[in-house]
Amino acid sequence: MESKTFSYNASEKLKSRKLLNRIFAEGKSINAYPLKVLYLISETTTKQNLAGVGVSSRHFKKAVERNRIKRLLRESYRLNKNILGDAVFENQQLIVFFLFTGKDLSDATLISEKLPLLMQKIVQSIQNKNAN
RNA sequence: CUACAAACCCGAGCUAUCGCUCCAACGCAAGUUGGGGAGGAAAGUCCGGACAGCAAAGGGCAACCCACCGGUUAAUAGCCGGCAUCCUCUUAAACAGGAUAGAGAUAGUGCCACAGAAAAUAACUACCUCCAGCAAUUGGAGGAAAAGGUGAAAAUGUGUGGUAAAAGCACACAGCCUUACAGCGUAAUCUGUAUCGCGGGUAAACCUUGGGUGCUGUAAUGCCAUGUAUAGGAACGUUUGAAGGCGGCUCGUUUGAGUUCCAGGGUAGGCAGCAAGAUCCUGUAAGUAAUUACAGGGCCAGAUAAAUGAUAGUUUAGAAACAGAAUCCGGCUUAUGAGGUUUGUAGUUUU
């Protein structure tokens, strides 16, 4: 378990087209410029959180820039994913999708400080809901 | 040697920690260990192929593309070599270097800014002849492209004859051009002789001539799995042919029992294609070269929301440019930091 703390491999990535459509349709969103996060709690048997990242190709026409941002997002998630930890119940799965809403590549430097902040907000809002 | 320009080469190294993806081995498994992991343009998608499907890929028209010759190649609009024309340099010429949108303007149609009389079946001024008129620097009719000026371009140039004045009107020489013959060359072309002829440019305007192209594009395509429905309604039809295929149209040809619409439902996952190839490196040989042949060696990304990264330190040169594979190759075009190499700007010969 110890070695998996900072991992982010294929089983943790949000891949299913179905789930992606669902999270855009039903997911709740929290903003924190230059980021926006969509999250969703799903009933499941496997307790494994899923995460995905995305950049608008409208604002970033060059593939190099999009790759750069997605890498930074993934890296940030990988280093901070323990914040989410056990926010949800045993038979539930937390699905998150990070969107970069900034319009300039220079905004990407903010990712490393804003992304953990967003994750804490998610945990908070889930706990509030459970308390109610 | 310095500066500028162009072409080509190169496209950052090392250490530590945390990660991603593919392959192999081991393991019941979790996983562990080892190895591979973006580019010269991966880009633009502008050409050319491979491959696949459309029935077996046919004729005509349309559309599009190409346009001196030869070679090269799987193929090309690429590349290599040659020819022609133009430009640079020069008083001039040859060499050298550069460019080419290099079939046809004598098939036809159109267009040619400004200036100019006129931009194409040329008459403004000046010239000549005739008529009118007392005469005039007058008026009218005609001849005439020799002179003037305008323009990027003005009816091939010079001379002589000729004439009222003139004119390729005639002749001589020259230039261009058509055709024929001869010679060098595979050919374009070049040279020579004879000959028809001489009314500009533009085909990157339509067009004509010659040649070529079937269309689509790996989200192609084939297979497996899952799921449903053999539910329901309407129209047309089964040799008296519904509906299609041959992806522009048409001719022709061909399949032959289902097809279309309404309403409703399901799936959207895997495998192949798909990574050993017109392959890369080295050497030898052939060729002016592009390129080819042979020999030896190497295996060098393969994802599917999409891997190749992050942090810290350090070195060069300062926070290292342009930039990210998606079926695969060959080219073209464009972007590109620092450094390096070569070439040119400023060349040679004759007079």
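Convention: sequence-line order gives letters A, B, ...; per-chain numbering from 1. Worth saying up front: this structure is predicted, and the values here are computed from it rather than measured.
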Under a 3.5 Å limit for both distances, which nucleotide forms a Watson-Crick or G-U wobble pair with [N], could you say?
N	value
B:C114	none
B:C328	B:G49
B:C261	B:G233
B:C274	none
B:G283	B:C294
B:G309	B:C18
B:C89	none
B:U138	B:A132

Interatomic distance at [atom1], [N] relative to [M], whole Å:
N	M	atom1	value
B:U345	B:G97	C1'	12 Å
B:C66	B:G49	P	14 Å
B:G53	B:U327	C1'	15 Å
B:G277	B:G27	C1'	37 Å
B:G212	B:A75	C1'	14 Å
B:A306	B:U21	P	10 Å
B:U350	B:A338	P	45 Å
B:U195	B:A172	P	11 Å

Tabulate protein N/O versus nucleotide N/O from nucleotides 333-336 of chain B, keeping only pairs under 3.5 Å, one per line.
none

side-chain hydrogen bond (donor to acceptor under 3.5 Å, both in side chains) involving A:T101 - partner list, sequence neighbours excluded: none
So, do [X] and [Y] sit near enough that their side-chain heavy atoms are less than 4.5 Å apart?
X	Y	result
A:L117	A:L35	no
A:K36	A:I30	no
A:V37	A:F97	no

Whole-Å gap separating P (B:G309) and CD1 (A:I69): 16 Å
Protein-nucleotide distance (A:N80, atom CG; B:G19, atom P), rounded to Å: 14 Å
So which protein N/O to nucleotides 319-325 of chain B N/O distances come out below 3.5 Å?
| unit_1 | atom_1 | unit_2 | atom_2 | d |
| --- | --- | --- | --- | --- |
| B:A323 | OP1 | A:K62 | NZ | 2.7 |
| B:A323 | OP2 | A:K62 | NZ | 3.1 |
| B:G324 | OP2 | A:V64 | N | 3.3 |
| B:G324 | N7 | A:N67 | ND2 | 3.2 |
| B:G324 | O6 | A:R71 | NH1 | 2.9 |

Answer syn or anti for [N], where the cut-off is 90° from 0 on the glycosidic torsion.
N	result
B:G337	anti
B:G318	anti
B:C300	syn
B:A38	syn

A:R74 side-chain N/O to B:A306 phosphate OP1/OP2 under 4.0 Å: yes
Considering all heavy atoms, the nearest A:G54-A:L73 contact: O-CD1, 4.1 Å
Exercise: identify the closest heavy-atom pair between A:K81 and A:M119: CA-CE, 3.6 Å
A:L79 or A:E75, whichever maps to the more 5' nucleotide of RNA chain B: A:L79
From CA spacing to verdict: side chain to side chain contact (heavy atoms under 4.5 Å, CB included), A:I126, A:L94: CA-CA 10 Å; A:I126 290 172; A:L94 183 62; 3.9 Å; yes
Sequence-distant partners of A:S125, side chain to side chain contact (heavy atoms under 4.5 Å, CB included), two or more places apart: A:Y39
Spacing of CD1 belonging to A:I69 relative to CZ belonging to A:F100, to within rounding of 0.5 Å: 4.5 Å
Pairs involving residues 67-77 of chain A, ordered by first then second residue, that meet side-chain hydrogen bond (donor to acceptor under 3.5 Å, both in side chains) (sequence neighbours left out): A:E75-A:R78
